[in-house]
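Written below as structure tokens is the structure these notes are about.
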Amino acid sequence: MRTPLYPVYADRAHFIDFYGWEMPVWFNSIEREHMAVRRNAGVFDISHMKRTYVRGKRVTDYLDYLCGARPSALKKGRLAYTHVLNERGGIIDDGIVFRLTEDEFLFVTNACTTQRMSSWMAEVAARGGFEVELEDRGGREAMIALQGPTSLSVLKDATGLDMASVKKFECVLYGRLLVSRSGYTGEEGVEIVGPSQDVLEVFEGLLGKGVEPCGLGSRDTLRLEMGYPLACVDFNEETNPYEMDAQRFLDFTKKFIGREALENLKPTRLLKGVLTDDRVVLRGGYTVECSPNVRTKLTSGTLSPVLGKGIGLGFFPVSVEAGSRVSVEVRGKKYSATVVRPPFIKK
Amino acid sequence: MSAIPEGILYSKEHEWVRVEQGICTVGITDYAQSKLGDVVVVDLPKVGARLEYMKPACSIESFKAVSDVYSPLSGTVVEVNTEVSMDPGVVNRDPYGKGWLFKLKPERLEEEIKLLLKPEEYRRLIEGLSDA
């Protein structure tokens with residue numbers, strides 16, 4: 001599959017297959033795109049993410065039951081990060097829920113779980129008799145993320161829209177575009193959803209202002225530097241929110257799927273980071289030795305472009321605390337590293 | 001379009017070799033570096049190591065993958081380019097020049113050199129790859 005923005009970059013990007021999507025992995029260089037986002041601004045095509053419009057009279061009851069967070073508490077024009085759990089408390093997905101009106105929400109979730117979320121959202125709606133309408137506009141809509149310290153000024157320059165007075169995790173309508181102060185890079189920035197042609201014009205306008213086009217390669221290195229976990233890579237339905245130190249995103253004052261299971265669960269492992277002493281690329285699957293009998297495997301990793309050192313995420317026994325010295329095996333060689341509580345870089 | 005300079009030979013695994021006064025300089029091709037993306041770590045062979053024809057000599061890492069570099073000739077490593085360890089990006093910027101990886105003293109140059117590709121042959125090889 002290709003996103004509606006594919007024609008813009010068809011002949012200038014390197015591509016990868018990302019859960020069935022032909023997506024740019026980099027345009028010029030992952031490092032260059034990463035540093036552009038840390039220092040100036042970069043723009044990503046994130047149209048592959050699943051966008052579900054949810055509406056109906058009982059939409060808030062439905063979403064409060066579906067999500068760990070409490071979407072009903074959101075004011076119009078606000079958004080929240082949330083998890084969707086199964087009955088066992090395992091994480092089906094994470095995503096951002098936007099309140100558009102009193103009875104309409106937008107739920108943006110991961111590409112890797114598109115099928116699972118489609119069927120789960122429908123199943124939960126039917127089972128609870130919520131009578132909500134679930135609409136996925138597919139290729140008629142596109143989504144981009146503009147990220148980096150100069151994002152707001154370059155957005156104003158390219159489109160006339162001034163987002164400076166809009167707070168983080170708030171959104172506004174600008175013509176047919178939904179623009180939110182959000183992102184997954186740790187930087188200032190906005191995400192823009194709208195009809196494909198409108199989003200395409202903004203995308204081209206931003207490139208015309210010198211914004212760096214960025215691929216999924218730098219999106220991954222940027223989120224890893226912040227220690228943000230990635231669905232289907234760092235966590236899946238066998239992971240519960242406690243293991244990700246994500247209790248703060250759960251609202252136990254209401255009923256939601258997975259809550260009962262969580263009340264009887266205690267985590268035995270926690271998602272933590274490792275930072276190597278030397279310049280080495282860490283990758284998912286690498287073994288970390290905490291002590292002669294305690295080992296774990298990284299769920300993801302990379303070389304931090306900012307630090308010039310290896311960084312990775314993995315689940316550690318709760319007894320392994322931040323600051324512990326460990327070694328990571330990289331193709332037969334052991335590299336010294338420290339267990340850290342992400343983020344790896346200060347923002 | 002990838003650069004394929006004249007005056008050097010190529011392997012099917014995208015290494016290049018320059019033979020000068022009995023010493024062979026080896027690196028990866030422009031095509032190889034463009035497919036790898038940013039080279040971020042280069043693990044060079046040791047001086048004195050014996051390398052065999054088309055067996056792994058060292059590895060190159062980009063953000064996305066680790067790739068073996070195959071030795072296009074059998075021989076002994078006589079020098080390695082320590083500059084690429086400190087600045088791996090030079091492999092991307094100047095793959096046929098400052099981005100060379102190692103030099104070796106070949107053992108079976110006469111027979112193995114016949115197995116390497118001339119520039120025109122290498123051009124045809126990468127044109128035949130779907131994403132060239």
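Within every chain, numbering begins at 1; the chains are lettered A, B, ... in the order of the sequence lines, protein sequences first and strands thereafter.
- By the neighbour-count criterion of 12 heavy atoms within 6.0 Å, atom NZ of K46(B) is sparsely surrounded, having that number or fewer from other residues, nucleotides or ligands.
- A distance of 6.0 Å or more separates the ring centres of Y81(A) and Y228(A).
- Within a 6.0 Å sphere centred on CD of E110(B), heavy atoms belonging to other residues, nucleotides or ligands number 12 at most.
- Residue contact with chain B, scored on non-hydrogen atoms closer than 4.5 Å, is absent for S218(A).
- Only the backbone of S62(B) comes within contact range of chain A, with heavy atoms under 4.5 Å apart.
- Of the listed residues (R32(A), R279(A), R331(A), R283(A)), the one with the most heavy-atom contacts under 4.5 Å to chain B is R283(A).
- Checked by atom type and distance alone, the side chain of D45(A) never pairs as donor or acceptor with a backbone atom of L5(A) at under 3.5 Å.
- Contact of T302(A) with chain B is made through the side chain alone, with heavy-atom distances under 4.5 Å.
- At distances below 3.5 Å, at least one donor-acceptor pair connects side-chain atoms of D234(A) with backbone N or O atoms of L230(A).
- Residue N92(B) does not touch chain A at all, counting heavy-atom pairs closer than 4.5 Å.
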